[in-house]
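Note sheet for the following structure.
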Amino acid sequence: MPALALAVAATVATPTAALATDTASQGVSSGWNDYSCKPSAQHPRPVVLVHGTLGNSVDNWLGFAPYLVKRGYCVFSLDYGQLPAVPFFHGLGAVDQSAKQLSTHVDRVLAATGAAKVDMVGHSQGGMMPRYYLKFLGGAPKVNALVGIAPTNHGTTLSGLTKLLDYFPGVGDLIAKGTPGLMDQVVGSDFLRRLNEGGDTVPGVRYTVIATKYDEVATPYQAQFLSGPNVKNVLIQDLCATDISEHLAIGLTDGLAFHEAVNALDPDHATPTTCASDD
């Protein structure tokens with residue numbers, strides 16, 4: 001998210017340290033980020049949840065993490081892309097550096113659980129950033145599946161707002177210097193050209209993208225989709241025409257997206273996602 005997101009971050013990023021501590025503790029108390037959890041035979045891989053821009057390891061997953069825990073998964077989330085002056089809203093640092101944080105987190109999860117691989121589910125930037133880990137940081141042998149919910153795989157125009165940067169020379173450079181994770185996600189960025197050069201996918205990993213046509217942030221929504229082997233692209237309105245979730249709702253509260261994500265994690269036991277799947 002570019003300039004508009006920066007303005008939002010500057011406006012709302014004023015929580016107290018106590019609030020951050022309180023929310024961070026909710027993960028374990030709600031059943032996830034429990035490093036004593038051992039994967040079951042039914043769900044042999046832990047699930048790593050990767051938040052989006054301006055998100056964090058707790059708030060982004062208050063809906064989906066308990067949904068997974070209820071179904072017997074070991075679930076873990078991380079904070080990444082932190083800036084020193086922004087203690088609560090993350091995902092603002094350079095995406096390639098955030099991918100290094102993800103790499104460290106995956107190794108920790110694998111060591112704690114004894115699993116050979118993890119599955120990943122990411123929202124927005126969190127659905128795109130792991131692809132750098134898979135492609136450039138040796139992550140592919142450690143990951144079975146990546147599920148991106150409204151991911152910024154090929155960048156965003158932020159409903160056309162990024163085009164305004166052309167009329168304000170130097171503004172983009174200022175944003176890139178202060179919050180590089182924002183400009184990394186703009187359509188045509190150097191980071192995205194490098195990420196997508198030579199193909200969207202790497203061998204050995206299954207990819208699923210779950211998008212909504214009402215997305216106002218990762219735009220155009222078609223840019224979220226991937227091409228290549230072992231890819232499944234899902235438009236949520238093809239499963240339920242009356243679903244009106246936009247960018248935030250599809251990741252935070254949409255039961256249909258949650259159901260389809262679980263189908264991607266456990267395709268052998270998948271059930272059709274319909275308008276009645278919102279449970």
Side-chain angles (χ1 to χ4, degrees), residues 1 4-5 8-9 11-13 15 19-20 22-33 47-71 73 75-81 86 88-92 98 102 119-130 146-153 156 158-159 181-182 185 208-219 221 224 234-237 239-240 242-265 273 275-279:
M1 303 179 192
L4 181 59
V8 172
T11 302
V12 302
L19 175 60
D22 289 345
T23 56
S25 68
Q26 291 175 15
V28 171
S29 65
S30 299
W32 87 92
N33 285 332
V47 179
V48 172
L49 302 179
V50 191
H51 67 74
T53 308
L54 296 175
N56 61 65
S57 61
V58 176
D59 287 358
N60 209 140
W61 304 115
L62 288 173
F64 188 52
Y67 184 96
L68 289 175
V69 170
K70 180 180 178 181
R71 286 156 177 78
Y73 290 88
V75 182
F76 302 88
S77 59
L78 77 155
D79 289 307
Y80 70 85
V86 187
F88 187 69
F89 297 90
H90 305 316
L92 297 171
S98 294
L102 176 61
D119 289 324
M120 290 185 181
V121 180
H123 178 223
S124 193
Q125 180 186 166
M128 174 274 291
M129 178 268 281
L146 171 61
V147 182
I149 302 176
T152 52
N153 279 321
T156 177
L158 200 66
S159 294
L182 302 182
Q185 294 178 81
T208 301
V209 173
I210 303 170
T212 172
K213 69 180 182 180
Y214 299 112
D215 202 311
E216 78 287 19
V217 175
T219 59
Y221 75 83
Q224 300 173 25
V234 179
L235 183 64
I236 205 72
Q237 284 76 30
L239 306 177
C240 178
T242 59
D243 189 310
I244 59 172
S245 292
E246 41 67 66
H247 186 77
L248 291 180
I250 194 174
L252 274 61
T253 63
D254 192 326
L256 277 70
F258 294 175
H259 185 271
E260 190 64 14
V262 168
N263 279 348
L265 297 176
T273 300
C275 294
S277 298
D278 194 359
D279 58 359

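The shown structure was predicted, so the numbers you read here are calculated from the model rather than taken from an experiment.
- When all heavy atoms are compared, the tightest approach of A211 to I250 is C-CD1, 3.8 Å.
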Side chain to side chain contact (heavy atoms under 4.5 Å, CB included) evaluation trace for L239 with H259: CA-CA 11 Å; L239 306 177; H259 185 271; over 6 Å; no

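- Put simply, the side chain of V48 reaches to within 4.5 Å of the side chain of L78, judged on heavy atoms.
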Verdict with supporting geometry, V217 and L158, side chain to side chain contact (heavy atoms under 4.5 Å, CB included): CA-CA 5 Å; V217 175; L158 200 66; 3.8 Å; yes

CA sep, side-chain torsions, deciding dist, call: T273, V234, side chain to side chain contact (heavy atoms under 4.5 Å, CB included): CA-CA 11 Å; T273 300; V234 179; over 6 Å; no

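- Taking each heavy atom of A257 and I210 in turn, the nearest pair found is O-CD1, 3.7 Å.
- In this structure, H247 and D215 approach most closely via the heavy-atom pair ND1-OD2, 2.9 Å.
- Between the CE atom of M128 and the OG1 atom of T156 there is a distance of 10.5 Å, given to the nearest 0.5 Å.
- Considering only residues two or more places apart in sequence or on other chains, H90 meets the ring pair (Phe, Tyr, Trp, His ring centres under 6.0 Å) condition with none of them.
- How far CD of E260 is from CG of L235: 11.0 Å, rounded to the nearest 0.5 Å.
- Rounding to the nearest 0.5 angstrom, the gap separating the NE2 atom in H51 from the CE atom in M129 is 7.0 Å.
- Taking L252 as the reference, N60, H123 meet the side-chain contact (heavy atoms from CB on, under 4.5 Å) condition, with sequence neighbours excluded.
- Summarising the geometry of Q224 relative to P151, their closest heavy-atom pair is CG-O, 2.9 Å, with the distance given to 0.1 Å.
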Pair T242-C275, side chain to side chain contact (heavy atoms under 4.5 Å, CB included): steps then yes or no: CA-CA 8 Å; T242 59; C275 294; 3.8 Å; yes

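- Contact annotation: the side chain of S77 never approaches that of V58 to less than 4.5 Å [non-hydrogen atoms, C-beta and beyond].
- Contact record, V69 with W32: CG2-CB, 4.0 Å, taken as the closest heavy-atom pair.
- In this structure, L248 CG and D254 CG are separated by 12.0 Å, a value rounded to the nearest 0.5 Å.
- Shown here are the side-chain hydrogen bond (donor to acceptor under 3.5 Å, both in side chains) partners of Y80, two or more places apart in sequence or in another chain: there are none.
- In terms of heavy atoms, A261 sits closest to F64 at CB-CZ, 3.8 Å.
- The CG atom of L62 sits 8.0 Å away from the CG atom of N56 when rounded to the nearest 0.5 Å.
- Rounded to the nearest 0.5 angstrom, L256 CG and T212 OG1 are separated by 10.5 Å.
- The closest side-chain heavy-atom distance from Y73 to V262 is below 4.5 Å.
- Judged by distance alone, with hydrogens and angles left aside, the side-chain atoms of Q185 form no donor-acceptor pair with the main-chain N or O of T152 at under 3.5 Å.
- Residues T208 and L146 fail the side-chain proximity criterion, which asks for heavy atoms closer than 4.5 Å.
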